[in-house]
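Below: one structure, written as structure tokens.
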Protein chains: 2
Amino acid sequence: MDDVSPLTLNRLSVYLRCLRRLQTEGVQRISSQEMARRFHLSSTQIRKDLAQFGEFGIRGVGYDVDALADSLHGLLGLDREHRLVVVGMGNLGSSLARYLGFNSGSFHVVAGVDKDPEKVGREIGGFVVRHSDKLEQVVRETRANIGVLAVPAESAQENYEALAEAGVEAVLNFAPARVTRDPRVPLKNVDLRIQLEELAFMLGEDGE
Amino acid sequence: MDDVSPLTLNRLSVYLRCLRRLQTEGVQRISSQEMARRFHLSSTQIRKDLAQFGEFGIRGVGYDVDALADSLHGLLGLDREHRLVVVGMGNLGSSLARYLGFNSGSFHVVAGVDKDPEKVGREIGGFVVRHSDKLEQVVRETRANIGVLAVPAESAQENYEALAEAGVEAVLNFAPARVTRDPRVPLKNVDLRIQLEELAFMLGEDGE
DNA sequence: AGATGTGAATGAGTTCACAGCT
DNA sequence: AGCTGTGAACTCATTCACATCT
């Protein structure tokens, strides 16, 4: 299993979501074409994407919805429980803690830290905010394995490093900043402003 | 100006952010190489990306930071004011309203609606929540031009259509659902679960 | 000299077309 | 007959290499 492009990976998540929906509708088998039609995907691409990980279908028939959903679930690492620690409990951070906390499934927010003593001690989304100085200890105690960066752009780098140091295995960065990666700690950026700016550009382009 | 790939577009946003940072540091001129080095980008790519929109640099010298920032700012449509209406004022929606409200710049959250009468009337992030039935009226009154979908997956489609109907020019979708596009109303999906699942996969892959 | 802007070369990602299984 | 899985063709994106300008 060489390495998988982020594009493929995103699509696998999408496929899983589509399959979940089919499950709720009681669909048991589906062909790539039918799935493509229903969810506006490409049937060839579905097959190519899946082919990277094995043969999940039955020729002449299609895919078993439950079986494929289970396979993708496992593939994406969702059979492990993932424990998130949020760094920066400002507006964005506390919103994320509350929001992601609900989403349960395989992801749970287990801790939050902030360097502002004012915020330390508050209870948000099922845990008590701790001070950033205690990050390493917090990670150890809660066995958090994913860090969520919700700090201002200026302090993104240092907090990423602190998370890496504290022992998390991956970081999701919401700060609008380019962070230099530690090769051992995968990083994904989620930048809301970029998304908005992309939309803004589209508006300008073709007029109404 | 044919049409621009989303990848290029995202990078333009990144470049703009880098330039803003250079401005705060008082840097007046920068070469593509220096910029690439500082922010972990590719110098060729910077030049190729910019070349799609004109000639912004001075050969032998580099780019004027202020001038280039202004150009990108305009290119991305940030000299217009964009007015956002949030649909679905649950956990995610109200968080977004508060968060995006702060981020000022060219984007302002001017309204929010929800179909739950319980939520109608609350004040969040500078406006009073209105009922979803009034969406068209709200859009007209506030001159909102971008819709933000923060509803459950099941109702994403109908609310996208309602937004299109009500006259917004583009939609940012936070619901984890595949929405069928209206060709007149550009749609961008932001799916936090996909991001988390991508990270989860990376963890599984290489072990620690 | 030094940096931009750009055709040409390479690489990545997607689609086509069909062999092969059920 | 119908649908999967996949090499081959194609399209899109990135990188290279250099002519061009200050």
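Below, all heavy atoms of this structure are taken into account, side chains as well, without hydrogens, waters or symmetry copies. Quantities reported herein were computed from a predicted structural model and do not represent experimental measurements.
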Indicate yes or no for a side-chain donor-acceptor contact from [X] to the backbone of [Y] under 3.5 Å, with no hydrogens or angles considered.
X	Y	value
B/E198	A/N10	no
B/S132	B/D114	yes
B/R98	A/N91	no

- [ ] Could I get the full list of side chain to side chain donor-acceptor pair (under 3.5 Å) partners for A/R130, not counting sequence neighbours?
- [x] A/E141

Task: Test side chain to side chain donor-acceptor pair (under 3.5 Å) applied to A/R37 - qualifying residues, sequence neighbours left out - done: A/E34

Send over the distance from [X] [atom1] to [N] [atom2], rounded to a whole Å.
X	N	atom1	atom2	value
B/R37	C/dA3	CZ	C1'	16 Å
B/D64	C/dA3	CG	P	16 Å
A/F56	D/dG5	CZ	P	9 Å
A/L9	C/dA12	CG	C1'	16 Å
A/Q52	D/dG5	CD	P	13 Å

TODO: Applying side chain to side chain contact (heavy atoms under 4.5 Å, CB included), name anything that partners B/A153, two or more places apart in sequence or on another chain.
DONE: B/P176, B/A177

Task: N or O in side chain of B/Y63 less than 4.0 angstrom from C/dG2 OP1/OP2 - done: no

Open item on the list: Does this structure show an ion pair linking A/E158 with A/K115, if we count only N-O contacts that are shorter than 4.0 Å?
Closed with: no

Task: Selection: residues 19-36 of chain A, any non-hydrogen atom under 4.0 Å of DNA chain D - done: A/S31, A/S32, A/Q33

Open item on the list: I need the full list of side chain to side chain donor-acceptor pair (under 3.5 Å) pairs touching residues 12-21 of chain A, with sequence neighbours left out, sorted by first then second residue.
Closed with: A/S13-B/E197, A/Y15-A/D49, A/R17-B/D191, A/R20-A/Q23, A/R20-A/H73

Task: Sequence-aligned protein contact record of nucleotides 13-22 of chain D, with B where the base is within under 4.0 Å of a protein heavy atom and S where only the sugar-phosphate is - done: SSBBB--BBS

